[in-house]
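In what follows, a single structure is set out as structure tokens and then discussed.
Throughout, protein chains are lettered first and strands after them, A, B, ... in sequence-line order, and every chain is numbered starting at 1. Small disclaimer: the values here were computed from a predicted structure and weren't measured.
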Amino acid sequence: MARIDGITEQRREKLRKIRSLGIDPFPHRYHRSHTNKEAIAHFQRDDCAPQVSLAGRIMAFRTMGKATFIDVRDSSGKIQAYFRSNLLGDKYELLKEFDIGDIIGMSGEMFRTHSGEVTLKVNDFVILSKSLQPLPEKWHGLTDVEKRYRQRYLDLISSEEVNRIFTVRSRAIAAIRRFLNRRGFIEAETPVLHPAAGGALARPFTTHHHALDQNLYLRIATELYLKRLVIGGFDKVYEIGRIFRNEGISTKHNPEFTMLESYEAYADYNNVMSMTEELVSYVTKNVLRKTKVSYAGTTIDFTPPWHRVTLRDAVREQCKIDFLEHADYDSLRDAIQHYGLNVDESPSWGKLLDKLFSTYVEPHLIQPTFIMDYPVELSPLAKRNPDDERLVERFEAFAGGMEIANAFTELNDPIEQRERFQEQEKLRALLGDEEAERVDEDFLLALEYGMPPTGGLGVGIDRLVMLLTDQQSIREVILFPQLRTKQVG
RNA sequence: GGGCCGUUAGCUCAGGGGUAGAGCACCUGACUUUUAAUCAGGGUGUCGUGGGUUCGAAACCCACACGGCUCACCA
């Protein structure tokens, strides 16, 4: 990438010229009296000619000899500014040293042009930052996807839509906090560096602490620490935090992503189910002012109550297979073959079932749906279903064909939890399953002090934002998605 | 990691063996209410990188890099 070409050399020359005139092209501060939006609103509301000082990035120049219009944008929006030679005198010539992309401060009074646009008539202006690189083209903007992600600031400058997506993301997270805080939840911050990566089935990133001379893992879930807080007496606790999983990258997976986890003492997964649909519809209504969203050409309605169906019935409906009647690997595999279904080899019964589900059921779950009652093999941290000990009280929420939440009645029996961990260790040893849970003695010790019956929830924030913004790729809702580092030179 | 597609000016894109192109941006000039301002003039380039084929390669072949989609893994 030629960092210094003709255009940037011209701009460096302008920079030198500005300095030679005794002007600091990067002054320390500027007093704004209004944002662009406020200035326009003030003029329209009061029908006067208020004196204002505004600042922002120059987005366009329209010069007509001794008069110039420029468009200036700040985060509130665009405003047009009008520069006249006979108002500004010699200073008008200084405009020649300004370029699209520069940050400018301007003062003057508001008026309306002949064509009706509310405009700032400038009587003084100052450079606030000189831009040395040309901005993307004004009409088409930036469409090179790689460049959009690597230089997201350019994407944000040139695309209102991208700007909107990340504004929605921010508002959605704020709404989640508001919802939970109003219900009496406390927000916690638990460690990112874990001595053992637990709380989910996933490969972790590893790192090393030099002073402790100890290997550490980036967290794959916040679960086990948040449960310690429930044991510590925080009856309602949550964390919105970055999770790291050392797995493939796709339109639905980024190695680091944001998850909400909440835990509520004395609640079970039925209570959590109600809270989940209320939470999501609250967020949707607050952020978009409606509960129906358009996603991938269809309409998704988040209004509670959502569909509820057991995993068993869902799989039976789509695949004709009752997994409880095919409770071992060979039986389930044979049933899949018998019905002519196409499911890849999997290392275990549970993974085979998971595969069957994600291939034949998940893509159909467009409207918000709770899939309930998972096999105990797939859920080492969930409490058994009292009606069928092969199952646990667990649900996953789906919308738009994606999993957006996972929740269960938490296993709080320390003896059984130890047995479940040991089962996972067996899977790891037998099948080389690197994602299996490890026995976490520190967590087991905490459980032995007694954890109240608790309902836990995990929500994939990125995927929720995808649904709210009608984006089919997770990279479009993450400001700086993971890309391979480009070789320099 | 596999398959398919892409990479040409600052940006958006044409060009598919014979002198490197357009629009926007930029530069020069005109213009005191324009708004994708207009008018006249000016191409500013390692055609992703490295090899190969050829009299001649941006183009054809091979390898590599980066990206997109997809499959595998997962949430």
Side-chain angles (χ1 to χ4, degrees), chain A residues 1-11 13-14 59-71 78-88 92 96 99-101 111-117 119 121 131-151 154-155 157-158 200-203 220-221 243-259 344-347 351 354-355 358-359 362 396-398 402-406 433-435 458-464 466 472-475 481 483-489:
Chain A
M1 179 166 35
R3 306 242 324 146
I4 299 185
D5 59 9
I7 293 177
T8 62
E9 192 41 55
Q10 284 159 10
R11 292 193 174 197
E13 183 53 42
K14 288 182 181 178
M59 299 305 293
F61 263 94
R62 290 180 294 281
T63 302
M64 286 141 298
K66 294 193 168 59
T68 298
F69 287 93
I70 70 173
D71 292 337
K78 188 200 87 173
I79 197 162
Q80 176 171 264
Y82 179 50
F83 297 72
R84 276 177 80 115
S85 173
N86 61 353
L87 275 174
L88 292 160
Y92 183 80
K96 284 192 179 138
D99 289 296
I100 290 176
F111 76 111
R112 194 185 292 273
T113 64
H114 291 172
S115 53
E117 179 160 348
T119 300
K121 187 180 289 177
S131 166
L132 300 179
Q133 295 283 344
L135 289 179
E137 198 238 2
K138 63 181 171 186
W139 199 240
H140 300 93
L142 200 57
T143 62
D144 179 326
V145 177
E146 180 178 359
K147 186 151 276 190
R148 287 184 47 230
Y149 297 157
R150 288 193 196 277
Q151 294 182 274
L154 295 180
D155 198 25
I157 288 171
S158 47
L201 310 178
R203 279 177 65 183
I220 58 173
I243 301 295
F244 307 86
R245 296 189 182 173
N246 201 343
E247 282 155 357
I249 296 175
S250 78
T251 50
K252 293 186 173 60
H253 302 85
N254 194 63
E256 51 181 302
F257 63 103
T258 302
M259 192 149 80
D344 294 337
E345 286 294 305
S346 295
K351 293 222 160 187
D354 193 48
K355 191 77 213 157
S358 57
T359 305
E362 186 173 356
E396 293 187 319
F398 294 83
M402 282 187 297
E403 182 191 336
I404 57 170
N406 179 26
D433 186 351
E434 292 182 57
E435 293 163 4
V459 178
I461 300 298
D462 311 272
R463 290 182 176 180
L464 183 59
M466 287 169 70
Q472 271 80 67
S473 170
I474 199 168
R475 294 184 203 97
L483 297 179
R484 198 180 292 272
T485 304
K486 216 159 192 176
Q487 306 268 333
V488 180

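Comparing rU34(B), rC73(B), rU70(B) by their closest approach to the side chain of Glu247(A) singles out rC73(B). Of the candidates rU32(B), rA36(B), rU33(B), rU33(B) carries the atom nearest the His114(A) side chain, counting heavy atoms from C-beta on. Of the listed nucleotides (rC66(B), rA37(B), rG10(B)), rA37(B) has the atom at the smallest distance from the side chain of Met64(A). Side chain of Leu142(A), nearest nucleotide from rU12(B), rA75(B), rU32(B): rU12(B). Distances from the side chain of Trp139(A) to the nucleotides rU33(B), rA65(B), rA36(B) place rA36(B) closest. Here rG67(B) is the nucleotide among rA75(B), rC24(B), rG67(B) with the atom lying nearest to any side-chain atom of Arg150(A). Side-chain proximity of Glu146(A) to the nucleotides rG10(B), rG67(B), rU32(B) is greatest for rG67(B). Listed nucleotides: rU32(B), rC66(B), rG10(B). Nearest to the side chain of Arg484(A): rC66(B). Closest contact between the side chain of Arg84(A) and the listed nucleotides rA25(B), rA75(B), rU32(B) involves rU32(B). Among rU34(B), rU12(B), rC69(B), the nucleotide with an atom closest to any side-chain atom of Ser473(A) is rC69(B).
When the side-chain nitrogen and oxygen atoms of Lys121(A) are compared with OP1 and OP2 of rU34(B), none of them lie within a distance under 4.0 Å. Close to rU70(B), at under 4.0 Å from its OP1 or OP2, lies a side-chain N or O of Thr251(A). For the OP1/OP2 pair of rG67(B) and a distance below 4.0 Å, the side-chain nitrogens and oxygens of Lys147(A) include no atom meeting the criterion. For the pair Lys66(A) and rC31(B), the criterion of a side-chain N or O lying under 4.0 Å from OP1 or OP2 is not met. Taking only side-chain nitrogens and oxygens, Arg475(A) comes nearer than 4.0 Å to OP1 or OP2 of rG68(B). Put simply, Ser250(A) has no side-chain N or O that comes within less than 4.0 Å of OP1 or OP2 on rC71(B).
Among the atoms of the strands shown, none is found under 4.0 Å from any heavy atom of Lys78(A). Residue Tyr149(A) is classed as a sugar-phosphate contact, given heavy-atom separations below 4.0 Å to backbone atoms only. Contact annotation for Gln80(A): base contact, defined as any heavy-atom pair under 4.0 Å involving a base atom. Nucleic acid contact class of Gly141(A) (heavy atoms, under 4.0 Å, all strands): sugar-phosphate only. Residue contacts shown for Asn246(A) are absent, as no nucleic acid heavy atom lies under 4.0 Å away. Counting any heavy atom pair closer than 4.0 Å across all strands shown, Thr143(A) reaches sugar-phosphate atoms only and no base atom. Nucleic acid contact class of Arg148(A) (heavy atoms, under 4.0 Å, all strands): none. Among the heavy atoms of the strands, none lies under 4.0 Å from Asp462(A). Residue contacts shown for Leu483(A) are limited to sugar-phosphate atoms, with no base heavy atom under 4.0 Å away. Among the atoms of the strands shown, base atoms are found under 4.0 Å from some heavy atom of Gly248(A). Lys14(A) comes within contact range of the sugar-phosphate backbone alone, with a heavy-atom separation under 4.0 Å but no base atom that close. Residue contacts for Phe111(A): at a heavy-atom cut-off of 4.0 Å it reaches a base atom on one of the strands shown. Counting any heavy atom pair closer than 4.0 Å across all strands shown, Leu154(A) reaches no nucleic acid atom.
Here the rule is side chain to side chain donor-acceptor pair (under 3.5 Å) with Asp155(A), and of Arg148(A), Lys147(A), Arg150(A) only Arg148(A) fits it.
Residues Phe244(A) and Ile220(A) approach most closely at O-CG2, 3.3 Å, considering heavy atoms.
Applying the Watson-Crick and G-U wobble criteria (two distances, each under 3.5 Å), rC13(B) pairs with rG21(B). Across all strands shown, rC47(B) has no partner, as no Watson-Crick or G-U wobble contact with both distances under 3.5 Å is found. rU7(B) and rA65(B) make up a base pair, with Watson-Crick or G-U wobble contacts both under 3.5 Å.
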